[in-house]
Amino acid sequence: MTISMTPSTKISSINDDIKHNWTINEVNDLFNLPFNDLMFKAQTVHRQHFNANEVQVSTLLSIKTGACPEDCKYCSQSARYKTDIEKERLMEVEKVLEAAQKAKQMGSTRFCMGAAWRNPKARDMPYVLEMVKGVKELGLETCMTLGMLSEDQAHQLQSAGLDYYNHNLDTSPENYNNIITTRTFQDRLDTLDNVRSAGMKVCSGGIVGMGEGINDRASLLAQLANLKPQPESVPINMLVKMEGTPLSDVDDLDSFDFVRCIAVARIMMPKSHVRLSAGRSAMNEQMQAMCFLAGANSIFYGCKLLTAENPETNHDIALFEKLGINTETVFDNNNEQEVAKKLHTAALDKENEHLFYNAQ
Ligand code: SAM
Ligand code: DTB
Ligand code: SF4
C-alpha cells in the first residue's frame, strides 16, 4: 500500500481574512491577557482552522555539521565558539536517503535537512538537489534549511521538488544585532522573498529564551505575521543552551511565557502550522500538552535535532497516546481516503520493530 503524504489542512488559502498590519502594542495586548483568556482565545482560533487532535510530525537531519562561518550566539555549529560537536562534511546522498526511509517508517511525514552553511555554494547544489529528489520519491514532504538562498538557488530547489524552505528570523529586528552580526535581518527577509517567489512554502520562526525582552517577542511575532502571505510553518524554538556558546548561561525563560508565545503565534497566524520546535527535551509532558492546547500543531520527531537532543521516540509515542493525538492526516492513494495515523502504529509495525528499539 502506498501512502502519499498530503497535509489535511488546506493551506492554499493561507492569506484569506488574515491580518498583516500588527503593531507591537496590539501584540502586547495579547501577551497581557490573563493566561486563561489567552489560552481560550488561542484554542478557539485553532479549532476554526485545524483538527485540534492532530499534530504534524517532521524529522530533522543535519546533512553538514559544524565549522560554520556565521556567529549566531546560540549555535553550537559556529566555528567561532569552542563547542564539543563532531564536525562533518556534507553527507552522501545515499546515507541521507537511508535516514529519510527510517524516518518514514517511524511515522514521520516530512523530512527536514539542515546544513551549517552561511549559504550553499555552487558545488554543493547538485548534491542537495539529489537529496530533495530522493526524499520526495520516498513519498515524504521535503524541507531544507541551508542558510541564505539566491533567487536562482531557490528556483533550483523548487524544481527538484522541495516543498518547504526553513529560514528563521530568529529574533526581533531590535534585538537582532545582539545575536548575529554576520548577516542582517534584511538578508533574512530577502531569502524568504526568494523562497516565496520560487513557489515554495515558507517555514520561518524564531528562538525565545535568549535573554530578549517581552517587546522583542512581540516584535518577532509581528514581523512573521506581517509577512504576506504568512509562513505556512512557524517554528517556535526554546533556546537549547549549548555549552561553549555565548548564550550557554542565559537565564531560563519562564514556562508560562513560552506557552504564551505559542498562543499568541497561533492567534496571529491562524492558518499556519505552529511548531513546538527545539527545547522539548527540557519540557515535561504537562508543559508540552499546554503548548498543544495553546495551538502548537507540529513537532520534530526523532531523538536528535541537528546537534542537540530531542525526546526519545518512545516518549513521544507515549505522550501522543496519553493525549489522544494522531499525526496529521495523510492521503492513502490506493483507498482514496484520508487516514489519521497514530505514531505508535507506524513505529510498532512488526517490520519496523527493530527501528523502534534501535531509536531508544
Ligand atoms: N545554517 C542555516 C541557517 O542558520 O540559516 C540553517 C541551520 S540553523 C541551525 C536553523 C535554525 O535553528 C536557526 O536559525 C535557529 O533558529 C535554530 N537553532 C539553532 N541553534 C539553536 C539552539 N541552540 N536553540 C534553539 N534553536 C536553535
Ligand atoms: C528550526 O526552527 N529549528 C530546527 C530547524 N528549524 C532547523 C533546528 C533546531 C536546532 C536546535 C539546536 C541543535 O540541534 O543544534
Ligand atoms: Fe551557522 Fe546556521 Fe548555526 Fe548560524 S544558525 S552559526 S548560520 S549553522
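All ligand and atom numbering here is 1-based and tracks the order in the structure. A quick note: this is a predicted structure, and the numbers were derived from the prediction, not measured. Here, residue 1 is the first one in the sequence, and each next residue gets the next number.
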I want to confirm something. Looking only at heavy atoms, which of [options] is nearest to [atom]?
atom: atom 4 (O) of ligand 1; options: Arg183, Arg188, Lys64; result: Arg183
atom: atom 18 (N) of ligand 1; options: Tyr74, Tyr165, Trp117; result: Tyr74
atom: atom 12 (C) of ligand 2; options: Gly66, Pro235, Ala308; result: Ala308
atom: atom 11 (C) of ligand 2; options: Ala278, Gly206, Gly114; result: Ala278

Go through ligand 1 atom by atom and flag the ones less than 4.0 Å from a non-hydrogen atom of [X].
X: His167; result: 5 (O)
X: Ala115; result: 1 (N), 2 (C), 6 (C), 7 (C)
X: Val240; result: 22 (C), 23 (N), 24 (N), 25 (C)
X: Leu306; result: 9 (C)
X: Asp170; result: 13 (C), 14 (O), 15 (C), 16 (O)
X: Met242; result: 23 (N)
X: Thr145; result: 6 (C), 7 (C)

Under 3.5 Å: N/O of Leu60 near N/O of ligand 2: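 Between Leu60 and ligand 2, no N or O pair is found under 3.5 Å apart.
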Sub-3.5 Å N/O-N/O distance, Thr307 and ligand 2: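 Yes - when backbone and side-chain N and O of Thr307 are compared with those of ligand 2, one distance drops under 3.5 Å.
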Arg183: numbered ligand 3 atoms lying under 4.0 Å from its heavy atoms: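 So the atoms of ligand 3 that pass are 7 (S).
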Test: Arg275 cationic atom under 6.0 Å from Phe300 six-membered ring centre, within 45° of axis: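 Ring-cation test returns yes.
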Identity and distance of the protein heavy atom lying nearest atom 5 (S) of ligand 3: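 Going by distance alone, atom 5 (S) of ligand 3 is nearest to Tyr74 OH, 3.5 Å.
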Atom 2 (Fe) of ligand 3 touched by protein (heavy atom, under 4.0 Å):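 No, there is no protein heavy atom closer to it than 4.0 Å.
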Charged N-O contact under 4.0 Å between Arg196 and Glu232: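 Here Arg196 pairs with Glu232 in a salt bridge, since their nearest N and O are under 4.0 Å apart.
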